[in-house]
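Below is one structure, written out as structure tokens; comments come after it.
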Amino acid sequence: MKKYKHYVFALLGVSLLLAGCGNQTGKSSSNGALSSSAAEKVYVAPGEQDEYYAFLSGGYSGNLTVYGLPSGRMFKEIPVFSQFPTSGYGYSEETKPMLNTSFGFVPWDDAHHPDISQTNGELDGRWIFINGNNTPRIARISLSTFETEEIIEVPNSAGNHSSSFITENTEYVVAGTRFSVPVPQRDMPINEYKGNFKGALSFISVAPDNGRLNLEFQVLMPGFNYDLSHPGRGKSHGWFFFTTYNTEEANSLMEVNSSQNDKDFIAAINWKKIEEYVKNGGGTKMPANYAHNVYDEHTHTGTSTMKKEVLTVDPTEVPGAVFFLPTPKSPHGCDVDPTGQYIIGNGKLSADLTVHSFDKMIAAIEGEKFDGEAYGIPILKFEDVLAGTVKSGGLGPLHTEFDANGNAYTTFFISSEVVKWKLGTWEVIDRKPTFYSVGHLMIPGGNSRKPFGKYVVAMNKITKDRYLPTGPEMEHSAQIYDISGEKMELIYDFPTHGEPHYAAGCPAELLAPKSKKIYRLSENKHEFATISPNDARVERNGKEVHIYMSTIRSHFTPDNIEGIKVGDKVYFHITNHEQDFDVPHGFSIIGQNTSELLVMPGQTKTSIWEPKQVGVWPFYCTDFCSALHQEMQGYVRVSPANSNIELSWSLGE
Ligand code: K7E
Ligand code: CUA
């Protein structure tokens with residue numbers, strides 16, 4: 001009887017959940033997928049590989065996750081802004097500098113928008129960029145090592161959200177501030193925000209040969225919120241577009257006070273013009289303090305440098321460079337179609353999508369048909385720049401992505417759906433529910449001149465009943481739709497990690513052949529590398545002890561170390577001598593106040609241990625590397641602080 005009662009309550013609970021989502025009820029609508037050949041479309045047989053890579057932002061995990069499409073299998077989590085014990089990123093001495101900022105060591109961030117590097121507007125697969133929202137930063141990740149190679153902090157910014165989008169030859173990775181703030185930061189009353197705060201839009205150049213980032217200039221815009229952005233491409237290459245909200249410049253009760261104006265703006269920035277202005281000596285140098293962190297693949301080490309100056313540009317001093325396009329209130333996404341002609345800004349509170357025309361914008365600028373100005377920046381007339389309106393019938397439009405056939409796909413958060421519509425005719429072609437409350441969506445190459453357009457991945461904010469419950473906290477859900485036909489077909493659900501916002505995807509063949517398999521030991525330039533096991537040794541320098549250790553299946557050299565004392569600071573510098581694909585070794589020692597290390601073939605990594613207790617303490621390899629992995633171990637003898645036991649070690653040969 002008791003059992004039966006529980007069963008009834010459980011059923012009730014489920015139906016309440018279903019009702020609670022306020023969206024389409026899941027089960028019935030997804031049956032459509034089951035009745036078709038959906039299973040075949042996503043099935044990647046054992047031993048086979050996926051057709052596309054998909055890189056999903058990790059949101060509040062601070063990282064970037066790599067998936068396969070169409071299988072939805074997760075291949076890797078790439079640590080970017082967050083410490084990651086799985087590899088020791090942010091814990092090893094070599095990677096700690098990557099997380100340095102002007103606020104000190106910041107081991108976390110909120111990562112939103114990955115974007116793959118491009119050449120001539122097409123994905124080139126060299127690097128992927130992603131923004132840290134909270135402590136404004138931009139990261140560059142190598143797409144051959146799949147490791148974070150560089151992180152640059154963005155000064156004068158706060159809530160680095162309209163970021164990190166790249167121009168079509170990867171000239172710049174662009175970062176815009178969501179919050180306007182006092183520039184430079186200073187102690188002032190918050191209610192003096194209006195007219196005094198600034199919104200910095202930062203243009204960070206990317207060196208074509210090695211990808212090195214440099215903050216070239218910041219455009220100091222009026223104190224609005226700059227929400228999202230995308231580059232012009234093709235005909236509009238040279239421009240960048242940013243959605244704004246809170247053009248009211250309110251600073252409290254924002255949900256009311258920042259929705260007063262009927263229209264906010266899309267800011268159109270002619271960055272080529274500003275670049276020219278800056279190259280001719282324009283702009284004002286301003287003192288600043290921001291970290292620039294670079295990881296070197298040969299020393300396997302990151303270094304952090306503090307930069308002390310930034311070049312700022314007052315937009316009113318560069319005539320013809322910045323304009324405002326009125327857009328229905330509080331737009332979120334700002335998307336540009338593959339031809340570069342259409343700029344889409346969706347008022348979050350409106351049902352219709354607003355599409356601006358680049359050609360019309362240029363004509364209006366040339367005709368100087370302005371409708372007033374805001375802080376000296378000309379405002380164009382809404383009707384003059386409007387290309388068309390999509391009567392979507394949906395609620396809460398957020399983001400738009402494109403296929404290769406002139407179609408656009410827009411997500412609707414409130415009505416939980418993806419709507420497919422035609423560029424130019426603005427007619428709605430299809431709509432499919434998402435489960436539930438979709439944010440961004442991604443088509444491989446969908447943010448370039450050449451979308452691949454076979455699948456769209458919808459990234460949902462609410463999971464509810466899609467998977468077996470795992471307590472109050474569940475992973476977010478993503479859904480794959482086949483978009484090769486006229487109508488979209490939902491073919492798969494898969495869980496994601498953290499909170500994916502945007503994603504970027506590309507064909508597997510662009511990356512897989514050049515994915516690095518090992519680091520060459522002969523190219524290892526780490527200052528504490530142990531290139532030959534004969535060089536393995538232990539050196540004392542006062543209370544610091546450096547252990548030069550090598551690893552190869554299945555032993556550490558040295559494996560027994562004596563003469564360490566309580567109060568020492570012990571550095572284990574571990575070099576992995578393997579030169580085979582996929583043979584990492586790990587290292588961990590009892591009681592260390594950090595994570596294990598995972599050392600890739602040919603790499604050197606360092607872990608600190610501060611022994612606090614006398615005894616004989618074991619260390620071991622954490623990665624099951626061979627049949628004799630369990631034998632891959634050693635001991636450190638720790639003596640009292642005043643002991644005079646000499647350093648000694650066994651080479652285990
Ligand atoms: Cu819409 Cu950060 Cu691009 Cu989330 S953002 S969904
Ligand atoms: Cu090396 Cu296990």
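Atoms within a ligand are numbered from 1 in the order they appear, just like the ligands themselves. Position 1 is the first residue of the sequence; numbering continues from there. This is a predicted model, so every value here is computed, not measured.
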Show all protein N/O/S atoms under 2.8 Å from atom 2 (Cu) of ligand 1, or state that there are none.
-> His112 ND1, His161 NE2
If we ignore angles and hydrogens, is there a donor and acceptor under 3.5 Å between the side chains of [X] and [Y]?
X      : Y      : result
Thr247 : Asn261 : yes
Ser448 : Gln118 : no
Glu475 : His497 : yes
Thr604 : Asn524 : yes
Thr606 : Glu94  : yes
Ser607 : Gln592 : yes
Asp227 : His161 : yes

So, do [X] and [Y] have ring centers that fall under 6.0 Å from each other?
X      : Y      : answer
Phe324 : Phe224 : yes
Phe619 : Phe556 : yes
His300 : His526 : no

Is it the case that Lys348 places NZ or CZ above or below the six-membered ring of Tyr245, under 6.0 angstrom from the centre and within 45 degrees of the axis?
-> yes
Check each atom of ligand 1 against the heavy atoms of His332 and keep those under 4.0 Å away; list them by number with element.
-> 1 (Cu), 5 (S)
A student checking ligand 1 against His399 at a 4.0 Å heavy-atom cut-off should list atoms 1 (Cu), 3 (Cu), 5 (S), 6 (S)
Classify the contact between Met459 and ligand 1 as side chain, backbone, both or neither, using a heavy-atom distance cut-off of under 4.0 Å.
-> neither
Looking only at heavy atoms of Lys461, does any of them come nearer than 4.0 Å to an atom of ligand 1?
-> yes
A correct count of protein N/O/S atoms found below 2.8 Å of atom 1 (Cu) of ligand 2 gives 4
